[in-house]
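Structure first, then comments.
Convention: sequence-line order gives letters A, B, ...; per-chain numbering from 1. Fair warning: this is a prediction, and the values are worked out from it, not measured in the lab.
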Number of protein chains: 2
Amino acid sequence: MARRRGNPLALAVLALLFERPMHPYEMASTMRARRKEESIKLNYGSLYSVVDGLVKHGLIEAVGVLREGRRPERTVYELTEPGRLELFDWLSELVSTPAREYTSFEAGLSLLPVLPPEEAVRLLEERVLRLEQHLHMDEALREVTVKQGLPRLLLIEWEYTRMLRRAELDWVKGLIDELREGTFEGLDFWRVWHERCSAGLEPPGLEAIGYVAGYPADHGAANSAGSAGAGSAGDDDPEAPIA
Amino acid sequence: MARRRGNPLALAVLALLFERPMHPYEMASTMRARRKEESIKLNYGSLYSVVDGLVKHGLIEAVGVLREGRRPERTVYELTEPGRLELFDWLSELVSTPAREYTSFEAGLSLLPVLPPEEAVRLLEERVLRLEQHLHMDEALREVTVKQGLPRLLLIEWEYTRMLRRAELDWVKGLIDELREGTFEGLDFWRVWHERCSAGLEPPGLEAIGYVAGYPADHGAANSAGSAGAGSAGDDDPEAPIA
DNA sequence: GCTCGAATACTCGGGGACGGGTGATCGCTG
DNA sequence: CAGCGATCACCCGTCCCCGAGTATTCGAGC
């Protein structure tokens with residue numbers, strides 16, 4: 001009971017069984033045929049464990065085992081009533097409620113100051129190229145798929161991701177421009193800070209540009225006491241924040 | 001060697017140690033102070049295991065154990081030379097190379113046909129509301145943070161996600177409109193398909209709209225035997241899924 | 001009729017993430 | 001000075017994920 005909604009693959013399984021009973025391998029094939037592995041991560045290891053999980057929670061159940069020719073057995077599953085409810089409930093949640101997702105580009109951006117500005121620009125330009133390539137390939141693949149007769153209804157997620165990629169592309173281009181033109185706020189601080197770090201020195205704190213404490217005002221006193229520790233000389237600022 | 005680049009939290013650890021030696025708990029505090037937990041998933045369980053992993057691969061090493069007052073011991077780590085290289089290499093990859101990411105909304109969209117169209121619209125509208133709320137809260141939080149003096153350089157990732165959310169918002173609105181106006185291609189098929197599934201019948205195949213086989217042309221012959229809709233034709237089908 | 005490759009159907013063991021503990025200490029208050 | 005809550009610092013058991021492997025069988029071509 002009260003199962004943790006983890007892997008979306010489980011939802012996909014429920015959705016497939018909503019159409020008709022299937023055995024796991026067939027679920028995988030169907031997902032492939034409909035290009036759903038593009039939007040829902042699929043691999044066999046996960047598939048079978050996810051199916052087991054659903055059985056254990058009573059959301060699906062085995063309806064029989066077939067053997068055809070002398071192929072291995074195939075266990076066919078069907079949706080139970082609780083499973084049907086879970087399917088609608090879970091899917092509703094996914095659609096109606098934006099969830100915090102952590103993308104790796106976001107992670108990269110948030111650590112960007114670690115790189116020297118010039119290097120950052122170079123890498124961002126590389127990203128632009130790659131994004132453009134991906135967009136073209138997507139486009140091509142999409143045309144093929146549509147020609148095969150898959151209706152738009154079954155490809156909305158493509159439109160979504162395509163639009164996101166495009167938006168990202170534009171944004172990155174804009175960022176590059178700002179960096180190139182030098183209109184990006186704090187660029188000089190970036191450079192200085194980076195040089196000192198690379199040299200193995202204590203980096204300058206944010207005081208340099210008006211930043212005072214590493215903590216929001218309300219945390220006030222409580223500070224990770226001994227941060228000064230290692231190399232730096234005795235100084236009045238025991239907690240040079242970024243330092 | 002040849003370690004698998006998994007959790008971005010590991011990268012964040014490397015980045016922090018690039019500035020100066022720290023003990024794990026301090027890394028966490030620093031990330032919080034800089035609002036990095038917004039873009040890189042942080043929890044203590046992962047942090048300590050990630051640190052262990054980095055030590056095991058020789059990318060960081062313990063430089064000592066401090067005890068201050070009579071607090072518990074704190075093991076302080078520093079970056080090794082291989083660690084420094086890995087840091088730059090990994091970060092470069094994140095920035096320069098777009099990676100396939102699976103978001104849950106994408107998963108939701110790709111299974112959307114499971115819901116009746118009216119319900120889908122309702123849920124999408126809910127999403128619009130929630131997105132707008134989030135955007136406003138972000139905006140507010142951002143203002144506060146900026147007033148605390150965090151420079152733009154340390155908040156680029158916010159600009160990125162904000163822009164993404166905005167783009168999503170617009171897109172969802174557009175989709176809703178199309179569905180409401182009935183200009184969305186295949187809407188009637190959707191309705192029919194859904195009703196039959198709900199009634200426990202075999203859903204109509206895609207032949208109804210010109211789609212022929214579950215597989216792209218080049219797979220040709222090999223078809224997961226029953227995909228064409230067992231219920232419809234006379235049953236020469238040897239493996240009608242359930243009995 | 002034989003071989004090669006692709007498809008079928010699943011198994012398994014390692015590894016990593018995660019969340020919920022667990023003490024111990026510090027500061028404040030009555 | 002006793003008690004209370006907040007903070008500090010870390011550990012551990014569980015669950016879940018995943019990718020590589022395996023054994024079989026069908027079909028196409030020579």
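Rounded to a whole Å, the CG atom of A:Leu42 is 14 Å from the P atom of C:dC10. The CZ-P distance, from A:Arg4 to C:dG19, rounds to 7 Å in whole Å. Put simply, CG on A:Leu47 is 15 Å from P on D:dC16, counting in whole angstrom units. Between A:Arg74 atom CZ and C:dA7 atom C1' the separation is 13 Å, expressed in whole Å. Rounding to whole angstrom units, CE of residue A:Met22 and C1' of C:dA9 are separated by 16 Å. To the nearest angstrom, P of D:dA9 lies 12 Å from CE of B:Met27. Atom CG in A:Asp52 sits about 13 Å away from atom C1' in C:dC12, given to the nearest Å. Between the OH atom of A:Tyr25 and the P atom of C:dT8 there is a distance of 4 Å, given to the nearest Å.
Of all heavy-atom pairs between A:Leu17 and A:Glu78, the closest is CD1-C, 4.1 Å. Residues A:Trp90 and A:Asn7 share a closest heavy-atom pair of CH2-O, 3.4 Å.
Remark: aromatic rings of A:Tyr48 and A:Tyr25 are distant, center separation not under 6.0 Å.
When distances run from any side-chain atom of B:Ser46 to the nucleotides D:dC18, C:dC18, D:dC10, the shortest one goes to C:dC18. Comparing D:dC17, C:dA9, D:dC8 by their nearest atom to the side chain of A:Val50 picks out D:dC17. Comparing D:dC18, D:dC10, C:dC10 against the side chain of B:His23 picks out D:dC10 as the nearest.
Phosphate contact (OP1/OP2 of C:dA17, side-chain N/O of B:Asn43, threshold under 4.0 Å): absent. Between C:dC10 and A:Tyr44, no contact under 4.0 Å exists linking OP1 or OP2 to a side-chain N or O. Under 4.0 angstrom from either OP1 or OP2 of D:dC10 there lies at least one side-chain N or O belonging to B:Tyr48.
Across all strands, A:Lys41 comes closer than 4.0 Å only to sugar-phosphate atoms, never to a base (heavy-atom distances).
Cation-pi contact between A:Arg100 and A:Tyr102: present, with separation from the ring centre below 6.0 Å and deviation from the ring axis of at most 45°. The side-chain tip of A:Arg84 does not point at the ring of A:Phe18 from less than 6.0 angstrom away and within 45° of straight on.
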